[in-house]
Structure formats: C-alpha cells, structure tokens
Amino acid sequence: MTRPRATTLPAALPFLAATLLLAACSAPEKTRPDAAAPPPPAPAPQMRVDISGSGIQFGAPQHTYSRSAAPSFVMVPVPLPGSADRFPDAGANGPVLVEEQPVSTFSSDVDTASYAFVRRQLSSGRMPPPAAVRVEEMVNYFPYAYAAPGKASQAFALTTEVMPSPWNADNQLLHVAVRGYDLQRAERPPMNVVLLVDVSGSMGPQDRLPLLKQGFRLFAQGLREQDRVAIVTYANGTAVALEPTTGRDKQKILDAIDALGAGGGTAGGEGLQRAYALAERHFDAKAVNRIILATDGDFNLGMTDPRQLETFIAGKRKSGVYLSIFGVGNGNLNDALIQRLTQSGNGNAAYIDTLLEARKALQGELGSTMFPIANDVKMQVEFNPARVAAYRLIGYETRMLARQDFKDDKVDAGDMGAGHTVTAIYEITPAAGAGKLVDPLRYGAAKKTTATAKGDELAFVRVRYKLPGEAKSRLAEQPVRQAAARASLAAAPAEQRFAVAVAAFGQRLRGEPQVLEYSYADIATLANDARGADPEGYRAEFVKLVRMAESLDQAGATGRP
C-alpha cells in the first residue's frame with residue numbers, strides 16, 4: 001500500500017506512548033447497561049476485494065471440512081471477562097474440500113482496528129483476547145509495495161504468489177494482493193467531512209477525547225482550501241460545534257477542536273442523525289462526502305438498537321455519504337458494533353491508541369481511506385480440484401459473501417481507496433494429499449479428476465468492481481499457475497513473506513491449531529528477515545510485539561481475567 005508516511009519517529013516510541021496513555025487512564029469505568037442485542041445473520045459484508053466462495057463454515061471446528069453450500073454466520077458480540085469490551089464472535093475458518101466447494105468468495109473490507117488493539121494489550125503486558133484478533137486486519141495494517149496500476153483508468157493491479165507454508169511442510173500458501181491506483185494530492189477531489197465526536201463523560205481520560213483532539217488537529221493542518229469540515233458532538237444531546245468550514249480558515253477549525261470537552265450520556269444514534277443531516281445539507285457531488293465517528297463505546301440514549309442503526313446507515317450510504325469509525329479507550333469498546341456499522345456505511349474502522357496511530361489514520365492514510373477509486377469490490381477464487389484438495393482462507397470470517405453475491409450488482413461490498421492494498425492468504429493442500437484429509441465415499445459415483453487444458457492452473461482469481469458513479473460492475477480475472485509456485489519460502493518476495501509472518505502471528509494469538517507448532521521465535525525470524533524498507537518502523541515494531549508475546553507466553557502471563 002503506497003500510503004504517504006508522515007514521520008520517521010523511532011519504532012519504540014509507540015510502546016512508550018501506549019504506556020504513558022495507559023498510566024494516565026488507569027481508573028476503572030462503569031460498564032454501560034446497554035449491551036448490543038445479538039444481531040441477525042450478517043448481511044453480505046461490504047468492502048473491497050472479494051476473494052471467494054461460499055464454502056467456508058463459520059465457527060466450525062478447526063479441522064472440520066465444510067460441506068454446506070453457503071456460509072451461515074451470526075455476529076454475536078462476545079464481552080471480554082472483567083471488561084465491557086465486546087468483539088464479534090467468529091470462529092476461525094476451517095479447511096474446505098475443493099471437490100465439494102471449489103469457490104471461495106468474500107468482501108475485501110480491510111479495517112485496521114484489530115492490530116492497534118492487540119498492540120495496546122501486548123504493550124500493557126496482557127495477551128489479547130482471541131476474539132479481538134482478526135487476522136486480516138493484522139495483515140492489512142501494514143503498507144506493502146505490491147505492483148501498482150500503470151494508469152488511472154486501471155483501478156487496481158492484482159498480484160498472486162504461491163509458496164510453501166512455513167508451518168506445514170505438506171501445504172502451500174496462495175497470497176493474493178490487490179493495490180489501488182494512488183491519486184496524487186493534486187488529483188484528489190475536495191473533502192466534505194463531518195467529524196461526529198462522542199463527548200460523553202467516559203471520553204474524559206487522556207487516551208480518549210484528549211488524544212482524539214490531538215489527532216483532529218493533525219487532520220485540520222492537512223486540509224486544503226477546497227476541503228470543508230464540520231463538527232457535531234453528542235453526549236446527553238447533540239450539538240453542532242462547527243458549521244461547515246473550509247480549509248482556508250484553519251484557525252477557526254482548530255479553535256473548535258480545542259473547545260471540545262467531555263461530560264454526559266451517549267446519544268450516539270441522535271448524533272448520527274444530525275451528522276448525516278448536516279452532511280446531506282452541504283452535499284457536494286464533486287467531493288468525497290464522509291462522516292468520521294469517534295467514540296469509546298456504545299450508544300445508550302436515543303436510537304440504540306443495532307439493527308435500526310444498521311438500516312439507517314445503509315440507507316444513508318445510498319445517498320453518497322459514507323461512514324468511518326475510530327474507536328478509542330479500553331474497557332468499554334464495542335468493537336462488534338463498530339464492525340457492523342462501518343460495514344453498513346462503506347467505511348473503515350480504526351483503533352486509536354497513540355498519537356502516532358492518530359497521525360497514521362488521520363493524516364498518513366487519508367488517500368486510502370477517504371478517496372474511493374472503486375466501489376462494491378468483490379473477489380472470488382475458484383480452485384482446481386486436479387491440483388488442490390482443500391483450502392483454508394486465513395481470516396475474513398466476518399466478511400464472507402455467498403457465491404451468487406459475486407455477480408449480483410445489488411449486493412454492496414464497499415469501496416477501495418486510492419493507493420489501498422488488500423491482502424488475502426489461503427493455505428492449500430495439494431491434490432496429492434487428498435488421502436490424508438478424508439476417506440473416499442463408499443456410496444455414489446466416484447469423482448475422477450482428469451487433466452484438462454487448464455490443468456496447469458492451481459486457481460483462478462476474479463475481481464468485480466464498479467468505478468465511482470457507475471451502476472454496472474466490471475470484471476478482472478487472472479489464473480494462478482502451478483509453474484509460478486516458489487520452490488522455497490525464501491524465494492518469495494519480502495512483501496509476501498512479511499504478510500505471511502503477520503498472518504502466522506494472528507493465528508497464533510487466536511490459538512489456531514494449524515500454527516501451534518510454529519513458535520513465536522519462528523515468526524519473529526521470518527518477519528525480521530522480510531522487513532525490507534521500513535521508513536516508519538512499523539515492521540520493526542511488529543517484531544518487538546512478537547517477542548513481547550513470546551515473553552508473556554513463556555511467563556504464563558495471559559493477562560486475561
């Protein structure tokens with residue numbers, strides 16, 4: 001992901017910042033009484049690159065082979081014991097037999113909230129709760145120098161790599177990467193942004209509203225004259241703290257940010273209604289129209305029902321106003337609700353734990369989060385049963401689509417931002433290993449796989465997307481050939497090897513059995529060898545996090561209540 005990088009501060013500084021923030025906000029909070037009701041079966045997730053099929057069974061045991069025709073998944077919030085933090089309950093994907101379900105489809109939403117939350121937990125000497133670890137968000141947190149599109153008319157470039165799996169010598173990994181066209185600053189359309197800020201009483205600690213105010217100041221400093229920003233606040237009620245103001249009047253914007261203070265309840269639903277009304281009143285068809293909601297937890301006044309909120313946000317999305325959410329704080333974070341609302345609003349979710357993270361989200365990554373270059377991006381991978389016996393999509397459990405959703409242009413799948421990169425990794429079992437997975441069927445006609453003209457293909461990747469303003473999707477396709485497979489992991493490009501290391505770390509933190517023999521030391525070595533260019537120190541920081549998890553694991557200090 002070619003995101004502009006704003007600073008070269010030492011890699012260790014995020015840890016120091018996280019520690020200082022944690023020390024400043026050690027007082028416990030009251031748990032809010034309004035736990036979100038268990039949602040209905042998740043609607044087709046939205047987002048950017050859809051890789052796959054109908055075959056993964058959510059919540060299935062790790063070594064169970066899925067036989068159902070379409071995914072069935074309910075995003076039930078799971079609270080962390082001793083805390084009011086809530087996360088989606090999504091069991092890890094298990095292996096899927098290719099002869100029974102050759103196609104895998106999912107929406108490519110790539111939030112980054114999980115990585116920052118995991119970093120904060122580890123930095124405070126605690127292992128993160130498994131439900132808080134979403135592997136795809138860990139992997140997609142990092143910028144990657146994947147091949148870029150050559151021209152603006154080409155929305156994105158698609159790259160695939162096949163390499164041996166470092167944690168299972170019998171398997172291979174299929175790495176799929178998408179990189180969007182990166183708009184230069186002069187090419188970017190105007191921004192019409194409403195900052196919707198939770199100023200309820202729980203936002204008082206230093207790692208919440210005060211931290212957000214610092215981030216908003218950075219955001220304001222980067223505004224151009226043609227950009228426009230407004231501020232809506234909510235607590236017991238709502239208020240417009242700043243009417244739409246152009247980037248020419250930065251001091252007025254900065255003064256409004258500085259004046260924000262915390263106190264009262266949490267009328268988030270009412271705040272959303274007012275923010276959307278303000279954004280629509282000043283809607284600019286030639287601009288990027290977006291609401292950025294910043295909060296530490298739930299809505300407990302006004303419109304609070306998750307289904308009602310989702311329906312409201314999905315309807316507003318159709319008007320061209322998108323929603324992104326930044327979560328802050330610890331102990332009351334409703335990550336499950338944030339996930340659902342951002343998916344409904346064609347936006348992204350981030351977790352702000354340090355000033356450096358605020359800078360990354362509100363300044364360094366504006367191109368990839370604010371300026372869409374493709375809408376309703378979906379990806380699908382079809383595996384060749386002559387070459388592949390089974391596959392396992394690593395992560396993306398909450399973002400699956402049914403196979404038929406791929407061609408249905410009415411199914412929303414989110415947007416892809418300028419310069420955005422999306423990474424997906426499959427673990428695949430070669431056809432020669434089929435006998436190790438399941439016994440042959442006793443009854444029914446035996447399926448005999450024969451080589452065809454396409455017998456050299458491991459898989460076929462398809463991507464559907466709409467250019468902004470278009471109603472009909474376009475299609476990009478690319479085969480994955482056996483001959484292109486790397487003979488060794490070391491022969492794979494550094495970018496792909498680093499992504500594999502992050503995926504291994506996420507799985508290990510979740511306790512997934514596939515990687516339990518692949519140690520934290522192994523992961524750190526793989527990541528360190530693949531660090532490559534690391535101007536912001538993100539990858540060096542990751543290696544330190546792996547070492548920290550290794551130390552906590554050896555000490556038996558789970559840190560979980």
State, to 0.1 Å, how close [X] and [Y] come at their nearest heavy-atom pair, and which atoms those are.
X: P95; Y: Q514; answer: CD-NE2, 4.4 Å
X: G180; Y: F156; answer: CA-CB, 3.8 Å
X: A530; Y: A494; answer: CB-O, 3.5 Å
X: V135; Y: G506; answer: CG2-C, 3.9 Å
X: K472; Y: D409; answer: CA-OD2, 3.7 Å
X: A503; Y: I394; answer: CB-CG2, 4.3 Å

Would you check if the side chain of [X] reaches a backbone N or O of [Y] as a donor-acceptor pair within less than 3.5 Å?
X: S114; Y: M138; result: no
X: K378; Y: V411; result: yes
X: D522; Y: Y518; result: no
X: N93; Y: L393; result: yes
X: N171; Y: N168; result: no

[X]: what forms a side-chain contact (heavy atoms from CB on, under 4.5 Å) with it, not counting sequence neighbours?
X: I338; value: I325, L333, T342, A349
X: A521; value: S519, R547, E550
X: T159; value: A147, A177, Q496

Stepwise side-chain contact (heavy atoms from CB on, under 4.5 Å) test for V461 and E477 = CA-CA 6 Å; V461 179; E477 301 175 312; over 6 Å; no
Rounded to the nearest 0.5 Å, how far does [atom2] of [Y] lie from [atom1] of [X]?
X: I373; Y: M416; atom1: CD1; atom2: CE; answer: 5.5 Å
X: D412; Y: D405; atom1: CG; atom2: CG; answer: 11.0 Å
X: E541; Y: R119; atom1: CD; atom2: CZ; answer: 4.5 Å
X: D353; Y: N330; atom1: CG; atom2: CG; answer: 9.5 Å
X: K544; Y: L122; atom1: NZ; atom2: CG; answer: 14.0 Å
X: R317; Y: N346; atom1: CZ; atom2: CG; answer: 5.0 Å

Validate the cation-pi geometry between R392 and Y426: distance from NZ or CZ to the six-membered ring centre under 6.0 Å, angle to the ring axis within 45°.
->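 Checked: cation-pi criterion not met.
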May I ask you to decide if the ring planes of Y391 and F383 are parallel, tilted or perpendicular, using 30° and 60° as cut-offs?
->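 It falls in the parallel class, under 30°.
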Mind checking whether [X] and [Y] have side chains closer than 4.5 Å, heavy atoms only?
X: Q172; Y: M163; value: no
X: T429; Y: V388; value: no
X: L341; Y: L309; value: yes
X: V543; Y: I523; value: no
X: T295; Y: V328; value: no
X: V480; Y: L174; value: yes
X: R120; Y: T354; value: no
X: P143; Y: Y538; value: yes

Side chains of [X] and [Y]: donor-acceptor distance under 3.5 Å anywhere?
X: Y396; Y: S107; answer: no
X: R531; Y: N528; answer: yes
X: Q507; Y: W167; answer: no
X: D111; Y: Q339; answer: yes

Please list all pairs passing the ring-ring contact (aromatic ring centres under 6.0 Å, His included) test where one or both residues lie in residues 474-498, with sequence neighbours left out.
->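 Sorted pair list: F142-F498, F498-F542.
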Side chain to side chain contact (heavy atoms under 4.5 Å, CB included) partner of R464, the single match among Q380, R474, K407 =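 When Q380, R474, K407 are each tested with R464, the side chain to side chain contact (heavy atoms under 4.5 Å, CB included) holds only for K407.
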Trace of the side-chain contact (heavy atoms from CB on, under 4.5 Å) decision for E397 with E136 | CA-CA 9 Å; E397 289 87 357; E136 73 279 5; 4.2 Å; yes
Hey, do the aromatic rings of Y181 and H420 have their centres closer than 6.0 Å?
->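 So the answer is no for these two rings.
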Can the ring centroids of Y351 and Y115 be said to lie less than 6.0 angstrom from one another?
->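 Ring centres of Y115 and Y351 not closer than 6.0 Å.
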Mind checking what makes salt bridge (Lys or Arg N to Asp or Glu O under 4.0 Å) contact with R481, not counting sequence neighbours?
->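 Scan of R481 (salt bridge (Lys or Arg N to Asp or Glu O under 4.0 Å), adjacent residues dropped) gives D456, E457.
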For side-chain contact (heavy atoms from CB on, under 4.5 Å), just list the numbers for L401 and F406, CA-CA rounded to whole Å, side-chain angles, deciding distance to a tenth of an Å, and then say yes or no.
-> CA-CA 8 Å; L401 297 175; F406 185 69; over 6 Å; no
Apply side chain to side chain donor-acceptor pair (under 3.5 Å) to R134 and list each qualifying residue two or more places apart in sequence or on a separate chain.
->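 Listed in chain order: E137, D335.
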Quick one: do E495 and R539 satisfy salt bridge (charged side-chain N to carboxylate O under 4.0 Å, His left out)? Show the steps, please.
-> CA-CA 11 Å; E495 301 299 277; R539 297 187 181 191; 3.0 Å; yes
side-chain contact (heavy atoms from CB on, under 4.5 Å) between I425 and V500, worked out | CA-CA 8 Å; I425 300 173; V500 169; 4.3 Å; yes
